Amino acid sequence: MEDASQESAPRLDAAFFARDVELVARDLIGVSLTVDGVGGPIVETEAYDARDPASHSFRGPTPRNAVMFGPPGHAYVYRIYGLHWCVNFTCGHGAAVLIRAIEPTMGMDEMRARRTGVAERLWCAGPGRLCEALGIDGSLNRLPLDRPPFALHGRPTEAMVTPTRRVGISVATEVAWRFCLAGSPYLSKPPFAGPSKR
DNA sequence: CTACCGATCGCCT
DNA sequence: GGCGATCGGTAGC
């Protein structure tokens, strides 16, 4: 019976994404993301909101970031450095979760073809890399996450999630709004990464 | 292993 | 006109 057992997975509907963005980012760890059946469990995320100087939404709505101010549960896809794509899940009012890494488990042949010559561990270890592996580009911007080609399955991980400081930003670097599945070999950078003495 | 660099687009000042 | 929520290659330790 699919009663109140802890096994039943929560629906990742608008209500899931409408919560505090930091909680959403934490709860997405362990949830499987697929695009046309290709993807796997999310192992690394970052939270951004409109009061956050590091966020695209900090200075208010623009044509690029408009979807961040739209309804929760949609994809915000943008181009970075002129060549790579990054995907976020919107949480309403200018908040969104950047998906930074997943563990590749579904559609392995397709990902291998899209990431030729790259070690499997690195196929989806980074926001640009996972968009390449899953075939995410600007044509998916604004699309709802509860319909194809997107699919979200499973539930937040029961394993340890490590909060750390975010990557690649120059302001608001002190808040621990990056969330990693502890010990995962599929992260873009190990938690607490820094100059590795010793 | 770390460090630097170039690629290349759209947004914001 | 400047600069990013990046990546992959190359050079050097």
Side-chain angles (χ1 to χ4, degrees), chain A residues 17 20-22 24-26 28-29 33 35 42-70 72 74-104 111-142 145 161-181 185-198:
Chain A
F17 292 103
D20 186 84
V21 66
E22 189 180 342
V24 177
R26 162 64 180 78
L28 282 170
I29 301 299
L33 163 67
V35 177
I42 296 169
V43 298
E44 181 179 343
T45 61
E46 285 180 358
Y48 291 86
D49 72 29
R51 300 179 2 177
D52 173 3
S55 173
H56 288 179
S57 57
F58 181 60
R59 296 172 193 279
T62 68
R64 177 176 67 158
N65 67 21
V67 65
M68 293 181 79
F69 292 90
H74 289 242
Y76 168 42
V77 181
Y78 67 93
R79 204 192 263 287
I80 188 168
Y81 297 109
L83 30 153
H84 305 294
W85 298 101
C86 294
V87 62
N88 297 248
F89 296 168
T90 65
C91 296
H93 305 285
V97 175
L98 172 66
I99 309 303
R100 287 194 55 90
I102 71 174
E103 174 182 348
M111 287 189 280
R112 184 180 300 106
R114 290 167 174 162
R115 305 283 294 136
T116 310
V118 179
E120 184 175 318
R121 189 187 73 75
L122 300 176
W123 283 356
C124 304
R129 289 166 173 169
L130 84 86
C131 282
E132 183 77 26
L134 272 60
I136 295 172
D137 64 20
S139 70
L140 302 187
N141 190 35
R142 299 173 173 272
L145 298 169
V161 173
T162 307
T164 70
R165 294 190 292 187
R166 295 175 294 182
V167 175
I169 56 174
S170 54
V171 292
T173 55
E174 67 286 352
V175 295
W177 278 7
R178 174 184 177 228
F179 299 91
C180 297
L181 176 61
Y186 299 99
L187 302 175
S188 64
K189 299 180 183 174
F192 310 125
S196 74
K197 333 277 191 202
R198 49 186 295 151

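Here is how names work: the chains are called A, B, and so on, in the same order as the sequence lines, proteins then strands, and each is numbered from 1. Not measured: the values here are computed from a predicted model.
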K.L.:
Do you know the tightest heavy-atom contact between Cys124(A) and Ala133(A)?
P.N.:
SG-CB, 3.7 Å
K.L.:
Looking at Arg178(A), I'd like to know whether one of its side-chain N or O atoms comes within less than 4.0 Å of OP1 or OP2 on dA5(C).
P.N.:
no
K.L.:
Grab the CG-P distance between Leu130(A) and dA5(C) for me, whole Å please.
P.N.:
17 Å
K.L.:
With P as the reference atom in both, quote the distance from dT13(B) to dA5(C) in angstrom, rounded to an integer.
P.N.:
13 Å
K.L.:
Has the side chain of Glu46(A) got a donor or acceptor atom that lies under 3.5 Å from a matching backbone atom of Val167(A)?
P.N.:
yes
K.L.:
List the atom of Pro104(A), the atom of Tyr186(A), and the distance in Å for their closest heavy-atom pair.
P.N.:
CD-CD2, 3.6 Å
K.L.:
Could you run down nucleotides 8-13 of chain C 5' to 3' and tag each one B, S or - for protein heavy-atom contact under 4.0 Å?
P.N.:
S-----
K.L.:
Atom CD1 of Ile169(A) and atom C1' of dT6(C): how far apart are they, to the nearest Å?
P.N.:
14 Å
K.L.:
Say whether, by atom type as modelled, one donor and one acceptor occur between the side chain of Asn141(A) and the main chain of Gly138(A) under 3.5 angstrom.
P.N.:
no
K.L.:
Just how far, in rounded Å, is C1' of dC7(C) from CD1 of Ile136(A)?
P.N.:
16 Å
K.L.:
Using modelled atom types and a 3.5 Å cut-off, is there a donor and acceptor pairing between side-chain atoms of Arg115(A) and backbone atoms of Trp123(A)?
P.N.:
yes
K.L.:
Counting distance only, does the side-chain N/O of Thr90(A) pair as donor-acceptor with the main-chain N or O of His74(A) below 3.5 Å?
P.N.:
yes
K.L.:
Using a 3.5 Å limit for the pairing distances, which stems of at least 3 consecutive Watson-Crick or G-U wobble pairs does DNA chain B take part in?
P.N.:
B:1-7 with C:6-12, B:9-12 with C:1-4
K.L.:
Would you indicate whether Arg114(A), at its atom CZ, is surrounded by more than 12 heavy atoms from other residues, nucleotides or ligands within a distance under 6.0 Å?
P.N.:
yes
K.L.:
Is the backbone of Ala96(A) close enough, under 3.5 Å, to the side chain of Asn88(A) for a donor and an acceptor to pair up by distance?
P.N.:
no
K.L.:
How many Å lie between NZ on Lys189(A) and C1' on dC7(C), as a whole number?
P.N.:
11 Å
K.L.:
Would the distance check show the side chain of Asn65(A) and the main-chain N or O of Gly60(A) forming a donor-acceptor pair, the cut-off being under 3.5 Å?
P.N.:
yes
K.L.:
Using a cutoff of under 3.5 Å, can you pull out all pairs of nitrogen or oxygen atoms linking the protein to nucleotides 9-13 of chain B, with atom names and distances?
P.N.:
| residue | atom | partner | partner atom | Å |
| --- | --- | --- | --- | --- |
| dC9(B) | O4' | Gly82(A) | O | 3.4 |
| dC12(B) | OP1 | Thr62(A) | OG1 | 2.8 |
| dT13(B) | OP1 | Arg59(A) | NE | 3.4 |
| dT13(B) | OP1 | Arg59(A) | NH1 | 3.1 |

K.L.:
Taking all heavy atoms of Val67(A) and all of Arg142(A), pick out the closest pair and write down the distance.
P.N.:
CG2-CA, 3.9 Å
K.L.:
Calculate the interatomic distance between Arg166(A) atom CZ and dT6(C) atom P; express it in whole Å.
P.N.:
12 Å
K.L.:
Give a yes or no answer on whether the side chain of Arg166(A) reaches the backbone of Ala172(A) with a donor-acceptor pair at less than 3.5 Å.
P.N.:
yes
K.L.:
DNA chain C: Ser170(A) or Ser188(A), which has the more 5' nearest nucleotide?
P.N.:
Ser170(A)
